[in-house]
Q: 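My questions will all concern the structure given below.
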Amino acid sequence: MGKTIAEKIIAEHCGKDVKPGDIVVAKVDVSMVQDGTGPLSVQELQKMDMESVVNPERTILFLDHASPSPRKELSNAHIILRKFAEKTGAYLSEIGEGVCHQRLVETFVNPGEIVVGADSHTCTAGALGAFATGMGSTDVALAFALGKVWLRVPPTFKFIINGEPKKGVYSKDIILYIIGMIGADGATYKAMEFTGDTVSNCSMESRFVFSNMSVEAGAKAGLIPTDDVTKAYLESRGRGDKYREIHADDDANYEKVFNIDASKIEPLVSLPHKVDNTKPISEAKGIKINQVYIGTCTNGRLEDLSVAASILKGKKRHPRVRLIVVPASREVYLNALKEGFIETFVEAGANVLAPGCGPCVGVHEGALGDGEVVLSTQNRNFKGRMGNPEGFIYLSSPATAAYSAIRGEISDPREVLT
Amino acid sequence: MILKGKVWKFGDDISTDHIAPGRLFHLRTNLPELAKHVLEDADPDFAKKVKPGDIIAGGKNFGLGSSREHAPRIIKISGVTCILAKSFARIFYRNAINVGLPVLEVDTVRIDEGDELEINLNTGKIKNLTKNEELTASQIPPFMLKIIEDGGIEEHIKKYGDFQL
Ligand code: SF4
C-alpha cells in the first residue's frame, strides 16, 4: 500500500512502517517556542530538572509576539528565554527578527523533516514538504530535552486544486474557500495535502499561505509536495543541498479527496467571529472599517507587501482608517525597503511597525476599540483575538485589505487591479 | 478512574481566546492569576462560579485556536476535573491529556447545566444522575489514558524517564 507524505515522513522518523491511528515516538529535527508559550516550556524543564537541549542549533526561541515588549511582565518572560538560550546554546531570535513561522522557513526547515513548535501555525513549514505541527509548551519542552515527541499518525485529506485563479484571487482566497467549504473543524486530527496545477504554479510565498491556514480547518499538518519551486527557494536561501523530493505515492490511501476548480473562486472575506464564516466579496462590500492590518505569518511576506504597495502607490488611506503594515521578518522588511514598498506605505499614511506578530494576537499594537471593525490579512478572527472581545475582525487577502484601506470600507480589489 | 461532578454547559467553538484571552498574555507566566480569568470571554463570571470537582460540557470543536497549553492548565487549576465535548480541536485535546485533564468525546446535547454526572474514564460510560440516563463517550486511546493516570506527561516522564508507549 502506498503512503501519504505524512506517513512517509513519520515512518522515517520512527524507524518503522506506520498507518493512520498509530501512536509512535518520532525523532524531531527542528523544535521551537515563542515568547507566549516558551516561558512555560522552560519552567517545565526546570521543574523536571531537565534544562538542556539535545540539538541547540535547531532549537529556536522566538521573541515575536510581544516585540518590542509592551510591559514588564513580558519583558521578564523574554528574560526567561534569553537566559535559557545562554545556558543551553539554543538559538534566540531577538525582537524585530520576525514572526517565528516566517523565520523558520527562511532559515531553518528543510523538506522531509519533522518540526514541532509551541504555536498552532507551525504547520506553515509544511509547504516545504516538512511534517510541521503545533503542540503545547510541555510537548516542545520534551522535544528540546529528548529530541523526540509522541505522535498519532494522522489520516490525510487530499486537495487537488486546478485551474487558473481569476484576477484578484490569491492563495489566501483559495484557502479561505476551502475552510469555508469543509468548516473550521473539517480536517481535525487530519493532515491536509495540497496538490494540482494551481498549487504547483504558485510561488513558495503563496504556498505558505495554504499550509499556514490548514490549522484553521483543524488540521495537524498542511503538506505540499516539493518541486522545482521548492528547490529554487532553498537555493536562494543557501540551502539548495537540503532539497529532497517529497511526494505521496500514487496509490497512497486518502481518507477523502477534494477536487477544487480555482478558476471559479472569487475574492473572499471571512466574517467575525469564525474563519469558516466566508462570503464572496460582493456580500461584504461596503462594510465600514476602522483599521486595516497587512502583515502576519499568513500574509506579511514580500509578495504580499508588493501587491499591497502596487495598490497603495500614490494613494492615501481613507481618513477613518488606521493602516498598519508589519513585515513578517527583518529580511522581508529590508527587501521591502529596497523595493520602495515601505516608502509607498508611509506616504499612504501607514504605520509600519517592527517585524513580528504586530496586532494579530492582541498583545500590543493596534488593539481594537469597542465596536470597531478591522480588515486583516491574518489567519483567524476569533472573538477577542485582537485584544478586545467587543471588536470585529474580517479576514482577506493583502489586495483586498490594501484597496479597502483607501476606500474606508470593504471593497473589491478587482476594481483597481489591471 | 471514576469522576463525579456538576456540569457547566458551553456552546460550540469555544476557542483558546475565550479560555485564555490574548490580551492577558502578560499573565501567562502567572497561571494562578490567569486562572482567575478562565473562560472569561465565553462567560465573564465562570471563574467565580466554578467549584472543585465540576465538569465542563461543550459543543463541537472545543478549544480551537492557539497552541497555548495555558488554556487547559487554567481550566484544571479552576478545579474542573473533566471536559466533555462533541469534538475537540487537536492541539487542545493533546495539551489537556499532557496536563492530566481528562477530555472525552461524546454527544453532549442531552447534558444540561447543573446535571450531576458520573464518568468512568476507562470505559467511557457516563451516567447522568440527574436525568437517570447513560451515555457512551469514545474511548481515550490507552497511551493517552496512561498519561492521564500518571497525572500528566511531566509525571509520566519523571516516572519512566521516557515515553512509555
Ligand atoms: S502572526 Fe499571528 S498567527 Fe502568526 S504566529 Fe504571530 S500571533 Fe500567531
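Chain identifiers are assigned alphabetically (A, B, ...) following the order of the sequence lines, protein sequences preceding nucleic acid strands; residue numbering begins at 1 within each chain.
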Q: By a 4.5 Å heavy-atom criterion (distance strictly below it), what part of A:Met386 contacts chain B: side chain, backbone, both, or neither?
A: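 Neither; nothing under 4.5 Å.
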Q: At a heavy-atom separation under 4.5 Å, does A:Glu216 approach chain B through its side chain, its backbone, both, or neither?
A: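 Neither part.
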Q: Which answer fits A:Thr188, side chain, backbone, both or neither, if we ask what part of it has an atom under 4.5 Å from a heavy atom of chain B?
A: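 Only the side chain of A:Thr188 comes within 4.5 Å of chain B.
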Q: Measure A:Arg380 against the heavy atoms of chain B and call it side chain, backbone, both or neither at under 4.5 Å.
A: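 Interface part for A:Arg380: side chain.
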Q: Would you mind checking which part of B:Ile14 comes under 4.5 Å of any heavy atom in chain A, side chain (CB onward), backbone (N, CA, C, O), both or neither?
A: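 Looking at B:Ile14, nothing touches chain A.
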Q: Got a sec, which residues hit ring-ring contact (aromatic ring centres under 6.0 Å, His included) with B:Phe143, two or more places apart in sequence or on another chain?
A: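 Scan of B:Phe143 (ring-ring contact (aromatic ring centres under 6.0 Å, His included), adjacent residues dropped) gives A:Trp150, B:His156.
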Q: Chain B heavy atoms under 4.5 Å from A:Lys148: which part of the residue, side chain, backbone, both or neither?
A: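 Backbone plus side chain of A:Lys148, per the 4.5 Å heavy-atom cut-off to chain B.
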Q: Give a yes or no on this: more than 12 heavy atoms of other residues, nucleotides or ligands lie within 6.0 Å of atom NZ of A:Lys72.
A: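 No, not enclosed.
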Q: How about A:His13 and A:Phe131: are their ring centres within less than 6.0 Å of each other?
A: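 Judged by ring-centre distance (under 6.0 Å), A:His13 and A:Phe131 do not meet the cut-off.
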Q: Is A:Ile23 close to chain B through its backbone or its side chain, or both, or neither, when contacts mean heavy atoms under 4.5 Å?
A: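 It is both, since atoms from each part get that close.
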Q: At a 4.5 Å cut-off on heavy atoms, which part of A:Ala367 comes close to chain B: side chain, backbone, both, or neither?
A: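 For A:Ala367, no heavy atom lies under 4.5 Å from chain B.
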Q: Can you list everything that forms a ring-ring contact (aromatic ring centres under 6.0 Å, His included) with A:Tyr394? Sequence neighbours excluded, please.
A: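 Per chain and number, A:Tyr394 pairs via ring-ring contact (aromatic ring centres under 6.0 Å, His included) with no residue.
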